[in-house]
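In what follows, a structure is listed as structure tokens, so that the remarks can point back to it.
Throughout, protein chains are lettered first and strands after them, A, B, ... in sequence-line order, and every chain is numbered starting at 1.
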There are 2 protein chains.
Amino acid sequence: MVVRGLPSLADAEVDRIFHALADTTRRDILDRVIRGEQSVSSLAREYPMSFAAVQKHVAVLQRAALISKQRRGKEQIVHAEVGALRRAAELLDRYEQLWRHHAAAIEQLLAEDRSPAGKKEGKAP
Amino acid sequence: MVVRGLPSLADAEVDRIFHALADTTRRDILDRVIRGEQSVSSLAREYPMSFAAVQKHVAVLQRAALISKQRRGKEQIVHAEVGALRRAAELLDRYEQLWRHHAAAIEQLLAEDRSPAGKKEGKAP
DNA sequence: TCCACGTACAACCATGTGGTTGTACGTTAC
DNA sequence: GTAACGTACAACCACATGGTTGTACGTGGA
């Protein structure tokens, strides 16, 4: 198991990151806090749902290490943590590279097939 | 709502892509089919779960447009679709750029703050 | 001091998710 | 034709998820 060939992150960690990103509200929260840190309550005011619901979304993002909270007075300030985001992006990039590598190999095989005369042509028996 | 400032993909589409990626088994399936297309049954043999369960995972990946199926004889051949993957990667990259842009702006503000004498210092009234 | 605000957390509910088993349908090999 | 294989799909189950409301706790300002 475990996405062989892509060493980096632990499975559960990746699960948490992508799960956190798989919700429009949470992506929007992330977007907002990247543009500037905000308190949980100021975030909550932006969405048509209860404060508790937004609190849960923030908790999901925090478990994924995409954000962190920091007390300031009576408010809890949310700010973005770019690390997890970067690692997720790197993972996707690696999938893409893998794809390109594979595509190139296929292309090569096809090319060899199309010119059966001159090349190494011999297959193992 | 809607991750303002990041135009591209429809929310539901992004939801589906990240949700599909938020599972170790599904990422592993994706990894395998990127390395070479396989039938659903040959994929199923790789995991300690029923054929039906693997079928469902494949369906989730297909709904996210990360893979597609193609009948070949009695088998259903799964192959990777790099498009959705690329768009997801681009979205993450844009979050990162946004972050860098924001970080740079903050840095700038701090710098201006630290040298209050010489600079443009004047704020709009 | 007291009140209002921001937060935390538990309980609850409907729905979705990941898994199972069972059954039915096509296609290929014999 | 029949058997075997690969697939599709429905029904079911346990549990997670995303939402609600209600209550309790800290903190800061009047």
Side-chain angles (χ1 to χ4, degrees), chain A residues 1-3 11-33 36-79, chain B residues 1-3 11-33 36-79:
Chain A
M1 19 267 55
V2 188
V3 212
D11 286 354
E13 192 180 349
V14 185
D15 287 5
R16 265 178 270 128
I17 294 175
F18 283 128
H19 171 250
L21 291 171
D23 181 284
T24 307
T25 302
R26 285 195 291 264
R27 285 195 304 276
D28 194 62
I29 290 176
L30 183 58
D31 192 65
R32 287 188 136 97
V33 301
E37 48 187 37
Q38 299 189 41
S39 70
V40 178
S41 52
S42 74
L43 282 171
R45 269 178 242 118
E46 304 286 339
Y47 304 96
M49 63 184 79
S50 68
F51 173 82
V54 173
Q55 226 180 357
K56 284 191 184 179
H57 282 303
V58 168
V60 170
L61 287 164
Q62 190 175 15
R63 254 180 280 132
L66 286 164
I67 64 161
S68 61
K69 292 191 297 184
Q70 188 181 0
R71 183 138 229 136
R72 187 149 75 208
K74 59 182 170 185
E75 295 184 332
Q76 199 76 259
I77 305 298
V78 180
H79 50 93
Chain B
M1 332 79 250
V2 186
V3 211
D11 286 354
E13 192 180 350
V14 186
D15 286 5
R16 265 178 272 128
I17 294 175
F18 283 128
H19 171 249
L21 291 170
D23 180 282
T24 307
T25 302
R26 284 195 291 265
R27 285 195 304 276
D28 193 62
I29 291 176
L30 184 58
D31 192 67
R32 287 188 136 96
V33 301
E37 48 188 36
Q38 298 189 42
S39 69
V40 178
S41 52
S42 74
L43 283 170
R45 269 176 242 119
E46 305 286 339
Y47 304 95
M49 64 184 77
S50 68
F51 174 82
V54 173
Q55 225 179 358
K56 283 191 186 179
H57 282 304
V58 168
V60 170
L61 287 165
Q62 190 175 16
R63 253 181 281 133
L66 287 163
I67 63 161
S68 61
K69 293 192 298 184
Q70 187 182 0
R71 183 138 228 135
R72 187 149 75 204
K74 59 183 171 183
E75 294 184 332
Q76 200 75 257
I77 304 299
V78 180
H79 50 93

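When rounded to the nearest whole Å, the span between CG of A:L43 and C1' of C:dT7 equals 13 Å. The NZ-C1' distance, from B:K74 to D:dA8, rounds to 16 Å in whole Å. As rounded to whole Å, 11 Å separates atom P of C:dA8 from atom CD1 of A:I77. If you take CZ of A:R63 and P of D:dA16, they are 12 Å apart, rounded to a whole angstrom. The CD-C1' distance, from B:Q62 to D:dA8, rounds to 12 Å in whole Å. Regarding B:D15, its CG atom lies at a distance of 10 Å from the P atom of D:dG18, rounded to whole Å. Here the P atom of nucleotide C:dT27 and the CD atom of B:Q70 are 16 Å apart, to the nearest Å. Between the CZ atom of B:F51 and the P atom of D:dC9 there is a distance of 11 Å, given to the nearest Å.
With distances taken from any side-chain atom of A:H57 to the nucleotides D:dG18, C:dG18, C:dG6, the minimum falls on D:dG18. Listed candidates were D:dG19, C:dA8, C:dG18. Nearest to the side chain of B:D23 is C:dG18. Picking from C:dT7, D:dG18, D:dC9 the nucleotide with the shortest atom distance to the side chain of A:H19 gives D:dG18. The A:M49 side chain lies nearest to D:dG19 when the options are D:dG19, C:dT7, C:dT21. The side chain of B:K56 approaches C:dG19 more closely than any other nucleotide in the set C:dG19, C:dT7, D:dA8. With distances taken from any side-chain atom of A:Q76 to the nucleotides C:dG6, C:dT7, D:dG6, the minimum falls on C:dT7. Between D:dG6, C:dG6, D:dA8, one nucleotide has an atom nearer to the side chain of B:E75 than all others, and that is D:dG6. If you check C:dT20, C:dT7, C:dC9 against the side chain of B:A53, the one that comes closest is C:dT20.
Contact annotation: B:R45 reaches the phosphate of D:dG6 (side-chain N/O to OP1 or OP2, under 4.0 Å). Contact between the side-chain N/O atoms of B:S50 and the OP1/OP2 oxygens of C:dG19 is not found at any separation under 4.0 Å. At D:dT7, one or more side-chain N or O atoms of B:S41 fall inside 4.0 Å of OP1 or OP2 (strictly under the cut-off). Here B:R71 does not reach the OP1 or OP2 of C:dG26: none of its side-chain N or O atoms lies under 4.0 Å away.
If you check every strand for non-hydrogen atoms under 4.0 Å, B:A44 touches nothing. Among the atoms of the strands shown, none is found under 4.0 Å from any heavy atom of B:R72.
Minimum interatomic distance between B:R16 and B:A64 (heavy atoms only, all atoms of both residues): O-CB, 3.5 Å. Looking at every heavy atom in both residues, A:R27 comes nearest to A:A22 through NH1-C, 3.8 Å. Across every non-hydrogen atom of B:F51 and B:V40, the tightest pair is CE1-CG1, 3.8 Å.
Ion pairing between a basic and an acidic side chain is recognised when a charged N comes within 4.0 Å of a carboxylate O; A:R72 and A:E37 show such pairing. Between B:D28 and B:R32 there is a salt bridge, since a side-chain N of the basic residue sits under 4.0 Å from a carboxylate O of the acidic one.
A residue-by-residue look at B:Q55 and A:V60 shows that B:Q55 has its nearest nucleotide of DNA chain D further toward the 5' end.
For the side-chain contact (heavy atoms from CB on, under 4.5 Å) test with A:H79, the passing option among A:Q38, A:K69, A:Q70 is A:Q70; the others fail.
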